[in-house]
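Before any comments, here is the structure.
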Amino acid sequence: MKLQKWQANIILLFTAMIWGASYIFIKQALRANMPAGVINSIRGFIFAILIYFFFHKKINKMTRADFKVGLIAGVINFIGYQLQATGLKYTTPSNSAFLTATYIVMIPFVVWVFFKKRPLLKSYFSISICFLGTVFLTNTISNGFSLEVGDILTLLSAFFYALQIVYFSNTVASANPFIVSFMLGSVQGVASLIWSLLFEQSSYGSINWSVAIIPVVILGVLASFGAQTMQVIGQKFTDSTSAGLILMTESLFGSILSVILGFDKLEGNLIVGGLLIVLSIFIMEFNVQRLFLKKRSFLRKR
């Protein structure tokens, strides 16, 4: 199957929409007293089962190298998911969506720390705008310089998502994406189950299963299996800049749905903070200099 670039971009846009909606489903499950470990465990097992059902021929050819790469990626992914879901218990879906999206701004600095590659000059400008956006989003100007627990956990989860992407780009290139996806789901399911059995057993009795199970199943089927599979397909037929710009709209969709469904109020700090964070991500993903040079070259030809 070969897609045109515009078709691939539409697939990635649907991916971003699903990921944006996932914040709402996680919040619904948390409101039904389902702890983060249980949510992520069920979600991970659904993902692993579905990916194996559709791509078992490829997965059955897993090598030891594939297993090692997938295991490390899975552990990083598990930590990110666990921090994000736990943080969402103490913050709003809109805040979580925007703060999670800051992983794009963090990536150049993660590369700097682990691979000694100095970030581009625009990275410093972008991180400054992103920090300012976070100040507005968390209403620090009115409440004083402090972050809520949920905001801090979400920012930490964004760091692990950045770490995962850097690891992918430097290690996973030679691995089969469906094998890696299977390992992501498997590690998430098993690790989250162990975490839950160790630290969350006391809360099992208060879970409203009839309310929580539907959004969690939706998360497993759509947000994990569906969206990640679409991402794998979409990114094969478009460039990385277009993919990054489209996928970053996840935060916008998450915020819009959060306001529509009443989890957030449409206030000035949400609008200003969200727009500043999106602007910082746009600066990171968009090569203004290249666009200027192309435009100048075009004008010269005319």
### Task
For side chain to side chain contact (heavy atoms under 4.5 Å, CB included), just list the numbers for L13 and F253, CA-CA rounded to whole Å, side-chain angles, deciding distance to a tenth of an Å, and then say yes or no.
CA-CA 10 Å; L13 185 63; F253 288 120; 3.9 Å; yes
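Partners of Q28 by side chain to side chain donor-acceptor pair (under 3.5 Å), not counting sequence neighbours: none found. Partners of T92 according to the side chain to side chain donor-acceptor pair (under 3.5 Å) rule, which considers only residues two or more places apart in sequence or in another chain, are D264. Every residue two or more places apart in sequence or in another chain was checked for a side chain to side chain donor-acceptor pair (under 3.5 Å) with S202, and none qualifies. When the side chain to side chain donor-acceptor pair (under 3.5 Å) test is applied to S203, no partner is found at least two apart in sequence or on another chain. Among residues two or more places apart in sequence or in another chain, the ring-ring contact (aromatic ring centres under 6.0 Å, His included) test is passed with F54 by F225. Listed by chain and residue number, V75, L83, F160 satisfy the side-chain contact (heavy atoms from CB on, under 4.5 Å) test with I79 (two or more places apart in sequence, or in another chain). With sequence neighbours excluded, the residues forming a side-chain contact (heavy atoms from CB on, under 4.5 Å) with L275 are I271, listed by chain and number.
Nearest heavy atoms, A227 versus A223: CB-O, 3.3 Å. Counting all heavy atoms, side chain and backbone alike, I59 lies closest to I179 at CA-CG1, 3.9 Å. I129 and L276 get closest at one heavy-atom pair: CG2-O, 3.3 Å. Taking both residues in full, the closest heavy atoms of M230 and L12 are given as O-CD2, 4.4 Å, listed atom of the first, atom of the second, then distance.
Around CZ of F159, the count of heavy atoms belonging to other residues, nucleotides or ligands within 6.0 Å exceeds 12. When the shell of 6.0 Å around OH of Y90 is examined, it contains 12 or fewer heavy atoms from other residues, nucleotides or ligands. Few gaps surround CG on L71; more than 12 heavy atoms of other groups in view lie less than 6.0 Å from it.
Within the model, atoms CD1 of I76 and CG of L184 stand 10.0 Å from one another, a figure rounded to the nearest 0.5 Å. Atom CZ of residue F53 and atom CZ of residue F182 lie 14.5 Å apart, to the nearest 0.5 angstrom. Note: I207 CD1 to I213 CD1 = 9.5 Å, rounded to the nearest 0.5 Å. To the nearest 0.5 Å, the span separating CD on Q188 from CZ on F78 amounts to 9.0 Å. A distance of 10.0 Å separates OG in S181 from CG in N77, rounded to the nearest 0.5 Å. The distance from atom OG1 of T15 to atom CG of L222, rounded to the nearest 0.5 Å, is 11.0 Å.
S157 places a side-chain N or O within 3.5 Å of a backbone atom of T154 that can act as its donor or acceptor partner. Listed for the D66 side chain is a donor-acceptor partner under 3.5 Å among the backbone atoms of T63. No donor-acceptor distance shorter than 3.5 angstrom exists from the side chain of K27 to the backbone of S258, with no hydrogens or angles considered.
Hydrophobic cluster membership differs between V211 and V221, with clusters built from Ile, Leu, Val, Met, Phe, Trp and Tyr side chains linked at under 4.5 angstrom. Hydrophobic clustering keeps I49 apart from I51 (ILVMFWY residues linked when any side-chain heavy atoms are closer than 4.5 Å, directly or through intermediates).
Listed by first and then second residue, the ring pair (Phe, Tyr, Trp, His ring centres under 6.0 Å) pairs that reach into residues 19-41 come to none, sequence neighbours excluded. Within the structure, side chain to side chain donor-acceptor pair (under 3.5 Å) pairs that include any residue of residues 45-58 comprise Y52-N60 (at least two apart or interchain). Sorted by first and then second residue, the ring pair (Phe, Tyr, Trp, His ring centres under 6.0 Å) pairs with a member in residues 185-219 read W195-F199; sequence neighbours excluded.
Proximity of N33 to N208: side-chain heavy atoms (C-beta onward) are nowhere separated by under 4.5 Å. Side-chain contact between L257 and P93 is absent, with no heavy-atom pair separated by less than 4.5 Å. Under the 4.5 Å side-chain criterion, counting only non-hydrogen atoms from C-beta, F114 is in contact with L163. The shortest side-chain heavy-atom distance between M183 and M62 falls under the 4.5 Å cut-off.
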Going by atom type alone, with no hydrogens or angles, which donor-acceptor pairs under 3.5 Å involve a side-chain atom of residues 35-46 and a protein atom two or more places apart or on another chain?
from, atom 1, to, atom 2, distance (Å)
N40, ND2, A36, O, 3.4
N40, ND2, Y81, O, 3.4
N40, ND2, Q82, OE1, 3.3
S41, OG, G189, O, 3.1
R43, NE, S224, OG, 2.8

Under 3.5 Å, which donor-acceptor pairs link side chains of residues 98-110 to any protein atom two or more places apart or in another chain?
from, atom 1, to, atom 2, distance (Å)
T100, OG1, Q84, NE2, 3.3
T100, OG1, S96, O, 2.6
T102, OG1, L99, O, 2.5

